[in-house]
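What follows is one structure encoded as structure tokens, with my remarks underneath.
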Amino acid sequence: MKRWREEAGFSLVELLVAFAITGMVLTLCSAALFQYLRTTEAGHDRLSVLRDHGTAFQWLNRDGQQAISELAIVNPSSVDLSWSDQESGDTFETSYAQSGDELERTLIVNGGTPFTHAVAHNVDVAGFSASRSGPLLTVSISSTEGGVAQTRTETVLMRVLTAPPTPQPTPTNTPTPTQTLSPTPTPTYTPTPTSTPTPASSEWLATGTYTGNDVDGRLFAGIGFQPDVVFIKSEAGRPGVVRTSTMAGDSTKVLPQEAALQSNRIQSITADGFTVGNNNQVNNSGETYHWIAIKAGSEAAVGTYVGNSADNRSIAGVGFQPVWVITLGDGENSWFRAGGQTGDSSFNVTGGNPNTNRIQAFEANGFQIGSNNDVNRNGTTFHYIALAAGPNVAAGSSYTGNGSDDRSISGVGFQPEVVWIKDDGDQSGVWRPASLSGDATLYWEGSALVSNRIQAIESDGFQIGTHNEVNRNGDTYYFLALDDGT
């Protein structure tokens with residue numbers, strides 16, 4: 001028996017070495033595949049489609065698992081779902097339908113105002129389809145980005161009336177999809193129904209759009225987390241506004257104004273969204289608005305400090321070294337320092353040439369400010385927003401204008417949800433959320449939509465036009481790009 005084991009068997013050490021070698025080979029193969037996806041055009045297209053479908057099915061699984069099967073209306077090109085939340089007693093209605101090349105989700109809470117946002121982009125013509133078999137809801141989405149086409153199919157188990165309701169969840173990662181990839185198809189399968197998801201740590205950023213209705217106290221819910229920052233900007237000639245979780249009561253900063261915090265704009269931040277008043281800057285009837293919501297964490301921080309007029313003052317305790325900082329003074333102008341700026345230099349949010357003695361530098365655990373009243377007036381409360389470099393935040397890079405139209409700025413590392421650009425000169429800063437379509441760009445100040453600036457968001461960056469605000473020959477431009485992490 002002993003002789004047989006010595007000649008034909010493997011020792012424990014030999015097995016462990018074999019396992020280690022196998023693990024190293026798999027790791028190297030995975031790393032090579034990931035590098036290929038990130039550094040080739042086809043790889044970027046594939047990642048873009050995968051990320052887009054991932055977002056859509058997070059929402060579909062989230063809503064589908066809460067929906068009452070008997071109340072669901074499923075048509076080949078649309079889905080309507082309804083349920084109530086056990087803890088809050090709130091009622092929810094969601095619908096999914098394709099609009100152009102986007103899949104749109106519309107949410108109604110307690111019979112209130114519909115809230116619509118896009119959950120998938122680059123959807124093929126008639127690329128959204130749905131069917132049901134009893135309580136099983138099956139949805140397919142077909143999208144094309146560049147040379148990559150994908151069809152992803154998932155099935156979710158809806159609740160029946162005899163099943164107890166579960167609390168409203170937040171979206172998270174969904175099961176491995178059913179997919180058909182082009183040009184190399186892979187075998188498909190249908191996943192088993194999933195259980196109620198748990199929150200994903202990547203949920204820190206959301207964007208969307210809505211139409212004003214002039215109703216005071218209007219609630220927007222269902223964004224997936226409790227935000228610490230909310231920006232809102234009208235497509236019309238009205239200034240943008242921002243509220244942080246450090247602002248008490250009904251208070252909002254109107255970005256271009258050297259004025260105190262204002263009421264009746266972003267009235268409150270809620271556990272799953274925010275409320276707005278009926279001021280024209282956030283809720284004029286029939287007007288289109290775009291919003292950004294940010295949750296504090298490893299990517300972002302918010303805080304306050306009280307001015308003391310001291311020069312070269314360090315604002316510490318941020319938790320990381322920022323790559324982008326915005327200060328919002330209660331009664332002062334709003335300033336920001338862009339990643340990549342050097343020396344004592346920062347910008348007014350409204351644009352114009354850089355100035356000194358405001359946000360002077362980024363530090364290991366915060367940032368340094370000067371003695372100017374815009375950032376450090378004695379006795380004034382200032383609120384700040386700081387962003388950290390990471391897989392979902394690209395800043396610190398710049399490009400040089402060349403005046404060419406339809407120019408792609410690539411190498412960002414993801415398909416952004418938000419892009420903000422400012423030249424190192426006298427031009428206004430411009431920004432674009434993913435909720436905009438066509439050749440359209442927004443200002444923070446009170447101006448309407450413009451074209452020929454940020455013309456489109458792309459799989460690995462964005463496209464710019466020829467305007468001096470984004471592409472004057474020889475000028476340096478700083479940009480911030482944000483990804484939602486899905």
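Please read these numbers as outputs of a predicted model, since none were measured by experiment.
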>> Please verify the inter-ring angle class for Tyr399 with Tyr477; under 30° counts as parallel, over 60° as perpendicular, anything in between as tilted.
In response: parallel

> Could you give the distance from CD1 (Ile266) to CZ (Phe274), rounded to the nearest 0.5 Å?
Replying inline: 7.0 Å

>> Looking at every heavy atom in both Ala440 and Leu449, which two are closest together, and how far apart are they?
In response: CB-CD2, 4.1 Å

>> Show the nearest heavy-atom pair for residues His467 and Arg453, with the distance to one decimal.
In response: NE2-NH2, 3.0 Å

> Side-chain contact, heavy-atom cut-off 4.5 Å: Val139 with Tyr96?
Replying inline: no

> Between Ser245 and Val302, is any pair of side-chain heavy atoms under 4.5 Å apart?
Replying inline: yes

>> For a quick test of reading the model, state the closest non-hydrogen atom pair linking Glu154 to Arg152 and the distance between them.
In response: OE2-NH2, 2.7 Å

> Do you know which two heavy atoms are closest between Leu442 and Glu235, and how far apart they sit?
Replying inline: CD2-CA, 4.3 Å

> For the residue pair Leu81 and Met158, what are the closest heavy atoms and their distance?
Replying inline: CD2-SD, 4.0 Å

> Can you find a pair of side-chain heavy atoms, one from Val430 and one from Tyr443, that are under 4.5 Å apart?
Replying inline: yes

> Is there a side-chain contact between Asp228 and Ile269, using heavy atoms and a 4.5 Å cut-off?
Replying inline: no

>> Working note: Thr116 + Thr106, criterion side-chain hydrogen bond (donor to acceptor under 3.5 Å, both in side chains); need CA distance, chi angles, decisive distance, verdict.
In response: CA-CA 4 Å; Thr116 300; Thr106 299; 2.9 Å; yes

> Side chains of Asn392 and Glu417: is there a donor and an acceptor less than 3.5 Å apart?
Replying inline: no

> salt bridge (charged side-chain N to carboxylate O under 4.0 Å, His left out) with Asp475: which residues, sequence neighbours excluded?
Replying inline: Arg472

> For the residue pair Phe336 and Trp324, does the interplanar ring angle fall in the parallel (under 30°), tilted (30 to 60°) or perpendicular (over 60°) class?
Replying inline: parallel

> Closest heavy-atom contact between Asn264 and Gln267?
Replying inline: OD1-NE2, 3.5 Å

>> Taking the side chain as everything from C-beta on, heavy atoms only, tell me whether Phe231 gets closer than 4.5 Å to Trp431.
In response: no

>> Return the CG to CD distance between Leu60 and Gln65, rounded to the nearest 0.5 Å.
In response: 10.5 Å

> Between Glu145 and Asn122, is any side-chain donor less than 3.5 angstrom from a side-chain acceptor?
Replying inline: yes

>> Could you tell me if the side chain of Ser234 sits less than 4.5 Å from the side chain of Gln281, heavy atoms only?
In response: no

> When the ring planes of Phe92 and Trp83 are compared, do they come out parallel, tilted or perpendicular, using 30° and 60° as the limits?
Replying inline: parallel

>> Run Thr138 and Ser131 through side-chain hydrogen bond (donor to acceptor under 3.5 Å, both in side chains) and show every step you take.
In response: CA-CA 5 Å; Thr138 300; Ser131 62; 4.6 Å; no

>> Applying salt bridge (charged side-chain N to carboxylate O under 4.0 Å, His left out), can you list everything that pairs with Arg132, at least two apart in sequence or on another chain?
In response: none

>> Taking the ring centre of each residue, are Trp291 and Phe220 less than 6.0 Å apart?
In response: no

> Heavy-atom distance under 4.5 Å between the side chains of Ile385 and Val242, does that happen here?
Replying inline: yes

>> Can you tell me how far apart CD (Glu458) and CZ (Phe414) are? Round to the nearest 0.5 Å.
In response: 14.0 Å

>> What I'd like to find out is whether the side chain of Tyr478 reaches to under 4.5 Å of the side chain of Asp424, using heavy atoms alone.
In response: yes

> What is the ring orientation for Phe115 with His117, classed by angle as parallel under 30°, tilted 30 to 60°, or perpendicular over 60°?
Replying inline: parallel

